[in-house]
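Working notes for the structure below.
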Amino acid sequence: MKLSFEIDPKEYSGPFNLDLTINSGQTSQPAWLMKDGYFQELIIVDNQHCLIKIKQENLEGVLDIEAESEENLELESIRTNLMDIFGLNDDLNTFYNFLRKDSKLKPTIDFCTGLRLFKAHDPFECIISSISSANCSIIRWNRSIKDIKTKWGKEYKFDSTSWYSFPSPDILKTVPEHDLEEMDRCDNKFPDDHSFDKNLKSCGVGYRAKYMIKTAEIIQNNIKIEDIPEMSYKQAFDTMLDLPGVGPKVADCILFYGFGFKEAFPVDVWIGRIVSDMYFKGNEIKPIKAREFGMKKFSNNAGYVQLYMFHYARKSGLLDRIRQKNKD
DNA sequence: GCCCAGGTCTCCG
DNA sequence: CGGAGACCTGGG
């Protein structure tokens, strides 16, 4: 099934910059592939995998969307999904009024106009990729996620291009952790080239491999992912903390980028330093304190403020100054 | 070849 | 509870 439709700016409140939203380095998922002028990704709609191509000709214009799937899908389901993924239900005008009331935050608007939450299209993938992102470079964990998809995901072909879904918890919980385990499982029927590369460590995830397998198992056995959005923030946070490889920073990333909890304030070293610089005269405060500060001060806007703070710091030169200061 | 970045876990007081 | 050190890998 193939269909195309548009989303009109009248359907959402405030500006939207698709390119900025996809490429601002938000920690939920690798950026969507840019090809033939469209951002493209395989997403899940009504439990079906569906290839989305989306384009924004100009910032005031409509979004052009093409969708393709093996089964028939409701256009309205796809629209609802995309509105959710790109934060189009968030009222940016109201948010900007909030930013303008804080002299420290007001300047972020000019650097971030149209930047929205880029929400994960698959919450389980978001949980695993957030675990792989901890203590790891963006390039490395993006590559890991791609590897995991090609090794254990299901293949979908559209226009002779192959797309791979992210494997479900019941698949991921059974994958071999490292090459020795993979070898043990193959009953001495070695591959011709004697290479063992269908194990998690071969995807470059390092010591996080065991966390991911255990997390997949816990989710499969003890957690209903669809219950999480119904929980209070605190309850959801504690649920995430029980997963191995998930600390406060990763938990908040999962809650904000994966489930859309707006009161989460994920603090990595950089956000910690930015908060220290903007609100504590450069006196370095501990990440856990920065988190408490952000949640209290920004409440339901905390997630978005974090997003805007980081992008602003990158573009305004603040981040470079902080970097320089930390070298001395 | 060596050192560094980057959150979480584990261990120790 | 708070602090210190280990953890895996890619890049400079």
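Naming: A, B, ... by sequence-line order, numbering from 1 per chain.
At least one donor-acceptor pair closer than 3.5 Å links the side chain of Tyr304(A) to the backbone N or O of Leu117(A). A donor-acceptor pair under 3.5 Å is absent between the side-chain atoms of Thr215(A) and the main chain of Met212(A), judged by distance alone.
The shortest non-hydrogen separation linking Leu82(A) to Phe5(A) is CD1-CZ, 4.2 Å.
The interatomic distance linking Ile288(A) (CD1) with dG3(C) (C1') rounds to 14 Å, in whole Å. Between the CD1 atom of Ile131(A) and the P atom of dG7(B) there is a distance of 15 Å, rounded to whole Å. The CG-C1' distance, from Asp242(A) to dT8(B), rounds to 14 Å in whole Å. Put simply, CG on Asp252(A) is 13 Å from C1' on dG7(B), counting in whole angstrom units. Here the C1' atom of nucleotide dT8(B) and the CE atom of Met212(A) are 13 Å apart, to the nearest Å. Atom CG of Asp147(A) and atom P of dC8(C) are 19 Å apart (whole Å). Atom pair Arg208(A):CZ and dC7(C):P shows a separation of 13 Å (rounding to whole Å applied). In this structure, CE of Met240(A) is placed 14 Å from P of dT8(B), rounded to the nearest angstrom.
With dG7(B), dC8(C), dT8(B) as the candidates, the nucleotide lying closest to the side chain of Pro248(A) is dT8(B). Distance from the side chain of Arg143(A) is smallest to dG10(C) among dG7(B), dG10(C), dC8(C). Listed nucleotides dT9(C), dT8(B), dG7(B) differ in distance to Tyr207(A); the shortest reach to its side chain belongs to dG7(B). Counting only heavy atoms from C-beta on, Ile139(A) has its side chain closest to dG11(C) among dG11(C), dT8(B), dC8(C).
As judged by a 4.0 angstrom heavy-atom cut-off over every strand, Pro287(A) is placed among residues making no nucleic acid contact. Among the heavy atoms of the strands, none lies under 4.0 Å from Val205(A).
Taking the side chain as every heavy atom from C-beta outward, Ile52(A) and Tyr38(A) never approach each other to under 4.5 Å.
Judged by the 6.0 Å distance and 45° axis criteria, Arg273(A) is not positioned over the aromatic ring of Phe310(A).
Mapping Arg273(A) and Tyr211(A) onto DNA chain B via the closest heavy atom, the residue that lands nearer the 5' end is Arg273(A).
Side-chain atoms of Arg140(A) and base atoms of dC8(C) include a donor and an acceptor less than 3.5 Å apart.
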